[in-house]
Structure formats: structure tokens, C-alpha cells
Amino acid sequence: MLETIKQNYIDYIHALTLYDYAAFGWLLFLFLIILTLTVLLGRRKPTLAISLIMIVIFLMFIAPFGIKYFLDKTVRKVDVVTEKITKLHFASSLIITGYLQNKGKVPYHTCRINAKVFKITDNKYKNIVLSLKPLRNKTILLDKNITQGEKAVFKIVFEHFTYSKEYNVSVSGECY
């Protein structure tokens, strides 16, 4: 899991756009302004200066994640549509087909599509717990240029899928 998170952020850093640079530049500018204000207020109002330093430290850890989330929902927006989920009984496989569409403002070069299969129950709280540990999890990588509005078809195959009870499939995508 740690390796997956590491790979996600390496891909993100390699695919920074002008929007990312502008957002992180604005954040750096905000940090510098608040720190300058803290130095100027340090002698006259030390409690305000300390609280401003605490705000800067808090923003240093939270803001990059917020910027990435905001840009993923606006600039790099992607719609993932699952067209068909087929369970093959003779081969014990689960096949998920669908497409993703670029709804963002930049062309994509690489897309990561993640599919998870969950057990489902009648208890909504137990479903939340079960969603933390899926039955199966698979990620595929599409190395394909996808321009604005264009669609790319994908197919995910889970081999040796023998679960016979009810399940739910969740498919998500992230593009750079």
C-alpha cells in the first residue's frame, strides 16, 4: 500500500501543469506574507504572532492535499462510467468494462483506473467497515493521450473470482 501511495505522488509530481504551479505559487506567496506579518507583529503582539505561526504550520500540512483535491475535481476532472460487469462462472472471472471521459481543462497522458469489489450487507455501518477491506482490488494504467471531451475504453479482469454472495463494484479514475 505504501508503494502505491508513493507511485501515485511520483506520477503527480511528474505531471504538474500550469494550474498546479499557479496554485502552489499562490500558497507559497501566502506563506511568505503571513510569515512576514508574523515577524513584524512579533514584538508588539506576541500572542497574535504565535497564532499566525500555528496557522502557517497547519496550512503547510493541509493545503497541498486540498489543492490536489480541488484541481482533481475541476482541472483534471474525469468521469468513469462502468458499462458492464460480467461474472463468468465457467472461468471464475469477473470482467468490468467501461470508459472514462476527460471532463477537465487539460489533456491527459496517463490514467490510473482502480476497481474494488466489496461485500455488501443490509447493515449500512458494516458496509462502511467492509469498504475499508475490499474482497479484490485491481489498478490498471492507461498510457494514452486523451484530449478534452474524448473517451477511452477500459477493461479490468479479476481472475479466480469465486465469491458467490452479493457484492458491489466501485470503479474510480485519476488522470494526469
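Just the heavy atoms: all of them, side chains too, but no hydrogens, waters or symmetry mates, feed the values below.
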| message | Tell me if the centroids of the rings in F29 and F24 come within less than 6.0 Å of each other. | response | no

One should read off an interatomic distance between K165 NZ and T121 OG1, to the nearest 0.5 angstrom, of 11.0 Å

request  = May I ask you to check whether Y99 and Q101 show a side-chain donor-acceptor distance below 3.5 Å?
outcome  = no

In this structure, CG of N168 is separated from CZ of F118 (nearest 0.5 Å) by 7.5 Å

Here the pair of heavy atoms bringing K119 nearest to N127 is O-OD1, 4.2 Å

ask   = Do other residues, nucleotides or ligands put more than 12 heavy atoms under 6.0 Å from the NZ atom of K77?
value = no

So CD1 of I85 and CD1 of I156: to nearest 0.5 Å the spacing works out to 10.0 Å

D20 and L71 have their tightest heavy-atom pair at OD1-CD1, 2.9 Å

Here the pair of heavy atoms bringing C175 nearest to R76 is O-CD, 3.4 Å

Could you walk me through whether I67 and L27 satisfy the side-chain contact (heavy atoms from CB on, under 4.5 Å) test, starting with their C-alpha distance in whole Å, then the side-chain angles of each, then the deciding distance to 0.1 Å, before giving a yes or no? CA-CA 9 Å; I67 287 173; L27 185 62; 3.8 Å; yes

The single option from V81, D79, V171, I146 that satisfies side-chain contact (heavy atoms from CB on, under 4.5 Å) with L100 is I146

task = Begin with the C-alpha distance, continue with both residues' side-chain angles, and end with the deciding distance and a verdict on side-chain contact (heavy atoms from CB on, under 4.5 Å) for H109 and Y176.
result = CA-CA 6 Å; H109 306 291; Y176 301 105; over 6 Å; no

Taking every heavy atom of F158 against every heavy atom of A115, the minimum-distance pair comes out as CZ-O, 3.7 Å

Separation between CG (L94) and CG (L135), nearest 0.5 Å, reads 10.5 Å

Aromatic plane relationship, Y163 with Y167 - under 30° parallel, 30 to 60° tilted, over 60° perpendicular: perpendicular

Should we count CZ of F70 as having more than 12 external heavy atoms under 6.0 Å?
no

Short side-chain to backbone donor-acceptor contact, N102 and V106, under 3.5 Å: yes

Interatomic distance, CE@M60 vs CG@L28, rounded to 0.5 Å, equals 10.5 Å

In one Ile/Leu/Val/Met/Phe/Trp/Tyr side-chain cluster, 4.5 Å: I50, L52 | no

Q. Among the clusters formed by ILVMFWY side chains lying less than 4.5 Å apart, do V80 and I95 turn up in the same one?
A. no

Tightest non-hydrogen contact, residues A49 and G42, listed as CB-CA, 3.9 Å

message = Applying a strict under-4.5 Å side-chain criterion to I, L, V, M, F, W and Y, I'd like to know whether L37 and V56 cluster together.
response = yes

| message | Any carboxylate oxygen within less than 4.0 angstrom of a Lys/Arg side-chain nitrogen, looking at D143 and R112? | response | no

Contact between V169 and T82 at the side-chain level, heavy atoms closer than 4.5 Å - yes or no? no

One should read off an interatomic distance between S131 OG and I128 CD1, to the nearest 0.5 angstrom, of 7.0 Å

* Asked: Are L30 and Y21 connected in the hydrophobic side-chain network, where two residues link if heavy atoms are under 4.5 Å apart?
  -> yes

Thinking salt bridges, do K138 and E159 make one under a 4.0 Å N-O criterion? no

Worksheet item: What do you reckon, is CG of D122 surrounded by more than 12 foreign heavy atoms closer than 6.0 Å?
Response: no

Inset, instruction - Answer yes if the side chains of T139 and N114 hold a donor-acceptor pair under 3.5 Å, and no otherwise. - result: yes

* To do: Check the pair T110 / L142 against side-chain contact (heavy atoms from CB on, under 4.5 Å), numbers first and verdict last.
  => CA-CA 6 Å; T110 302; L142 290 179; over 6 Å; no

Worksheet entry | Single-linkage hydrophobic cluster, 4.5 Å side-chain cutoff, V117 and V157 together | no

Between I120 and E166 the two heavy atoms that sit nearest each other are CD1-OE1, 3.5 Å

**Request:** Carefully, step by step, assess F31 and L59 under the rule side-chain contact (heavy atoms from CB on, under 4.5 Å).
**Result:** CA-CA 8 Å; F31 288 154; L59 283 177; 3.4 Å; yes

